[in-house]
Amino acid sequence: MATGAAASRDLEQLRSLLGSARLSDALVKFVESLGVESLADFVGLVESSKYESQLAELILDKSPEKGSMLQLARLRTAWSEASAAIQQQRKRKLEGVAEDAEEPLDPVVAENLQSSWQRLYGHRLDIHLTPSDSLLGRVYRELQRGTASLIPARKITSLFHASLPQPKTEVALHLSLKLQVATEPGPVRDLADYYFRLRILANAYCLAGSHKVDSVLHPGTQVTFSPLEINLNYSDQALQKANNVQAPPAAQLAWLETRDLHTRSKMVEFLRMSYPQGEALFKALAETELLWNSTSQLPVLTSPDAAHPSGSSPTKAGRKDRTCHETEAKRFPELVRAVNSFLRSHCPDSHWTSVAIAHNQFAFPHRDSANLKDSSNISMAIGTFQDGGLLIECPDGPLHISDNAANTEVRAAALDNSHKPVIFSPFKLHSSLPWTGDRMAITLRPGSASLGPRECTALEGPILEDTVSYLDGNAVAKGFYDQCRAQGLSFCARAMALLGPCLPHWRFRQVEALRLLAKALRPWEQDLQSLMAPSVKAVAATKKPAFLLACAILSRWPDLSNALRFVTGYKVVGEIENSGLFRPVQPSEDPSFGLPALLGQAAVDNFRLLQDRVKPSDLDDELRQTCLDEIALGHARGPYSAAEMDAESGIGGWRPLERFMILQSDKCRPIDSGKRPGHNAAARERETIYTTSVDAFQPLLLLVREWLSCSAFAQGFPCFARFMIGTEDMKHAYRQCPVHPDNLCVTCTAYWDNVAQDHRFIVSQGLPFGLSSAVLCFNRTPTFLAALCRRVCAAPVLQFFNDSGIADLECARGSAQAAMRACFSFAGAELDPGKSQPPAACRVFLGLSANLALANSDDCISFDLKPGFREALADEVRAILSDGRLNSGRASKLRGKFGWAASGTYGRCGRAGLAPLVTRQFTDTSDELTPALRDCLRFHLHLAEFVPPRLVSMAQAQPRPVRIYSDASYEPSAQVPARLGFVIFPSDDHVQPLGMSMDISDAVLGRFQVRQTQINGCEALAGVIIPANAPDLLRGRDIVWFVDNQAACQILMKGSSSLPDIAVIAAVTQLLFTRLGWMDFKIRGRSPKAAEQGGEFLIADGRKMFKELDEAWLEKVYDSDVVYSTAEFPMGFIESLPEFVQPAVEPLAYGALTQALKMKVDFKTELRWEKSDYDGSKILQVRAMPQYPVIRHHATGEPCWWGSMHSHAEYLRSEREKVFGEAQETTGASRINKTDVFYGKSGDKVEVDWLKHLDKVTLDCAIKVKMEPGDMVLLDNYLVMHGRCPFEGTRLHAVSWFKSPDYTKAA
């Protein structure tokens, strides 16, 4: 076999030489047809003295290239080079000079090896990964002679390392002689160094062994002697397994070195047994698999992932750490769905709970012992590859597979899973078969028998489409990148817990590595700066785009183009670049966008309007000064007059933003409005940002505590792990990002100059604060830098636009915040030192005071309004109450403050009672305080003074909830008083339940609005009575409350109602429970029962209605179709926000609700911005797609009025509520659903007169059916409409849907 391998290498060397001489393929084949198999054969074909003529006579003239002078010249050159190589070998042999194993190869041979490599793999090696001449020479000669040896890692060097000046040691001899001796290569420094040395050795083997030889494992086939895939996979897997060993770095390195030397020594044994190098390495790995999956003689830090159930295979256990399971899948839900959809098409009758996808990963012999009993695996391989397959244990099989556990070989058979699914038992020994090409193996598993409680709960549901694992065998240094691909905060939590007091030192080393990277990239930074336009350079001269790009590539960040924008500038109108970071949204389909839509005559017309919109104000001094400051800082050019702008850009060649000032609590902020002049509409954005909030601290801290509980540093909760929080803020945030020079004509800004008494203009060279597209462009940089801090330095940075909160452990001594400042500095992103808050237990972040000090002592963290905000808010409310006046603008600001306080601290109760403020903001013309406004202000004054900080629990085990059952009665016809009763079952079984009942006095009932029944109000009144009478049983407890009225339950849950009297009850309920602690409602259904009074079932014949409706209107509505609005989401809070924030919040709200609707409903909908008919506030209205109002029955062919216009029309619903009170949540006419009807073509509401006509016809055509308990009504939804009459008391019913009956069988 050795002779065969040598002959193959000789033939490959000959082919390389002929190829390098550029002989044609036809001529090469003719030479080989003569039986030439080596350089010696080729040289011996002719006499050396007559080689020129004989090459022409004996070879060229008899070949297909006869008469070609060019091929003759190349043939003579090839013979000369072959002759020189042969003579060199003979000379050495005659002189008795032994060839040094590490002597560089002859240039011709080395060039031939490089050419063969490039032909086989299609690329050239980097100098840092190219083996040194001495290493390549040694490997080549050992393989050629069949004398392979074990090469220590310290002697594996690259061409780059060998070209550096080598240190030498001087040895003093006698007679003043000195001898200089080259020193041995230095030791391996760390895991990364060892990994790259293995990569270099892999390349050496593949360079020297790119020829084909006969396979030992698969007789009768030929394989590449040293395939690149197997050698690189070995390097990657070695690093990955060592990196997953939880031990100090030195111990990890020793672990890797021991196993690598053992494996490669086995490989050498098989090489000397004439195995091809790839198969020798494969067989060596199979024999050392147990060693690779053991952590013997190492201090192990136990973790939740370290405990493997008995019986599970080491391979399975080792694979657990190198796959990214549910967390990674949730980041790519579309990929998960696509994968599962593809698999269902190939395996329609199969079920699985997890999918493993291995890209060019070799599976060594193993059993999936942890799989469910009696389950089967499904395997399929896809891609462009040859050979491969599945080798599985089979008693009668013709092949063999190594059973490492028994140290034997068992018989096996090969299964072909190429592009087709193969089912096999996971409990039989199985492995991959070698392949060439690009291969992706997909394995479907039904589940694991050793899952914990959390996973078992998940398996009770449907197929888990989210559990997809992805392995990439082509990744460089994959072990390092596994951390980067995981969720950043999860990695931070694990590192913080396991490193503990060692965090500062470890983070310093990580930061030092980034510093060296930044230093190495300085020449590239200078080159990139030279490419910047002057306007870009004025803003981005200190930025480091090369560093940003390098870090993005190394961390596999999806947004690779952001770094380039610091060279070219960001475009802010037209098609906005999609970063792939944020939530996708559907862009506007308006064809008019970009610069053409803004400039020209449109710009001239806008300038005329601008002169009326940009007027003098009380803040003109501050406004003018901000413009001059920006010019001084280089963020803008100017100021210019309109004539100067025309001279620079031409008339109609520029379109300014409009600057105004808003007065905040401590400063004035300039806003460059892009909404009024049309800039925002001219930008087509395909994504909308989403950011973090202070609530992210709680899951982070829980993750840290989970890892701390199993860390080696302490038992229980270590004292060093007290949590701290610091904050940072980017200076001149948006202005740090340059605008593309082509867009400067639309980032100029207009303002009123009170000195010049005229409009003036500045040209903003940094992103303006007020453009919706600027929000997307700016956030790309802090989002990436925050992720870089988390992934590289384990610094848990929570980023919100330009603000960042950094959580850390006290023992880390502020190293996370220092690492963040360093990362931003390396990127050239400037932070504001004046706003930096060093780590402390309590800090203000995003306007809230976040207190982490209670996390250790009280198992909770608290959030409160920032210091002084409550007092300032209370003082402002008292001043308004004392003054007795409140104008529209101040009402708007108060709404914003109350809303902020509610979202951060108060909860639902903070949103109650705002209707009077909405009315004052949009409707009222007087500034006098109304009684409703006074009540509203006093209510929020009470909140500011008495509602405690919001506590977020960190306890793992939650106490049992308190259970409440309440019920009320209202039967005025029976001449009995209205009554209310309740029973409370405390969470402690040793405490007696409490029950009460009471009469509701006429005085209380008199406060309700007049309506036919007051049952909803009486039921809702329990929300006030219960917490007022039993506060000690409820304080700080979770509560499950069973309310025997769904409308009342919904009112109490929302904390509001459209009916003023019920709204007061809801608001007081929320206030009382907020003072007692947070609560969560759960609704429990009851057995079906009939209503005490009313509640008849209504059935209207659609065929009769079609005949009775007005023919002209019927034709109009039929031609137009009908559109139903199905819901309205109140967005009035957006109008209370500062104007510069509104453009950013609107698309965020739109995108969030769009995604929520996609998950909630299975039919198409359209979201539209509208004004509420109730209070004029902004809403997002959900409209269904157009529907036919008249249809023909699919079986009988009869025309029928069809749809729900009668119940969905807002006007008709309001008229019914005037008589019967607010509709319940479960009805189609729910006030909560906020439905209405529109014409499909015009989008206009259906006219009131026609709705009245529809109401009359509907009721005339309807019949009433009185239902008793147990009755059932069967309806054909295509023939009739249905509903129910109002009722008193309680009533529950069940609804089911069936397939349409077969009308063809009707008599």
Side-chain angles (χ1 to χ4, degrees), residues 908-909 912 962-974 976-985 994-1030 1034 1039-1073 1079-1095 1217 1219-1227 1229-1232 1284-1293:
R908 287 191 182 97
C909 69
V962 174
R963 289 168 294 154
I964 302 176
Y965 298 83
S966 66
D967 200 358
S969 65
Y970 179 78
E971 302 177 22
S973 60
V976 296
R979 296 187 60 80
L980 172 66
F982 64 86
V983 180
I984 302 177
F985 293 89
L994 173 66
M996 290 184 178
S997 66
M998 64 208 71
D999 293 342
I1000 302 175
S1001 67
D1002 292 338
V1004 174
L1005 291 174
R1007 302 294 297 272
F1008 288 117
Q1009 291 182 354
V1010 177
R1011 53 177 67 92
Q1012 185 174 347
T1013 178
Q1014 302 288 4
I1015 187 61
N1016 289 352
C1018 294
E1019 294 273 13
L1021 198 59
V1024 177
I1025 300 300
I1026 294 175
N1029 285 274
L1034 309 181
I1039 300 170
V1040 180
W1041 190 348
F1042 298 85
V1043 182
D1044 196 21
N1045 183 290
Q1046 292 192 17
C1049 189
Q1050 292 293 334
I1051 290 167
L1052 296 178
M1053 283 169 47
K1054 288 201 313 176
S1056 64
S1057 172
S1058 61
L1059 302 176
D1061 53 344
I1062 306 297
V1064 172
I1065 296 176
V1068 175
T1069 300
Q1070 292 291 338
L1071 177 60
L1072 288 172
F1073 273 100
M1079 71 172 180
D1080 184 24
F1081 287 100
K1082 298 184 184 297
I1083 304 174
R1084 173 63 63 89
R1086 299 293 183 86
S1087 300
K1089 57 185 291 188
E1092 284 83 352
Q1093 181 178 342
E1217 289 175 356
V1219 180
F1220 302 113
E1222 186 172 17
Q1224 293 190 10
E1225 169 73 7
T1226 54
T1227 69
S1230 169
R1231 174 79 185 193
I1232 296 172
R1284 60 136 177 93
C1285 292
F1287 60 88
E1288 294 182 4
T1290 58
R1291 168 186 179 272
L1292 284 92
H1293 67 279

How many angstroms lie between atom [atom1] of [X] and atom [atom2] of [Y], to the nearest 0.5 angstrom?
X     : Y     : atom1 : atom2 : value
S969  : I1015 : OG    : CD1   : 6.5 Å
T1069 : I1025 : OG1   : CD1   : 9.5 Å
N1016 : R1011 : CG    : CZ    : 8.0 Å

Problem set entry | F1042 and Y965 aromatic ring geometry - parallel, tilted or perpendicular at 30°/60° bounds | parallel

Nearest atoms (heavy-atom pairs only) where [X] meets [Y]:
X     : Y     : value
Q1014 : Q1009 : NE2-O, 2.7 Å
W1041 : I1026 : CZ2-CD1, 3.4 Å
A1030 : I984  : CB-CD1, 3.7 Å
E1019 : A1048 : CB-CB, 3.6 Å

Residue pair [X] / [Y], side-chain heavy-atom distance below 4.5 Å:
X     : Y     : answer
L1005 : C1018 : yes
M998  : L1021 : no
N1029 : L994  : no
F1008 : I1062 : yes

Problem set entry | Residues that D999 engages under side-chain hydrogen bond (donor to acceptor under 3.5 Å, both in side chains), provided they are two or more places apart | R979

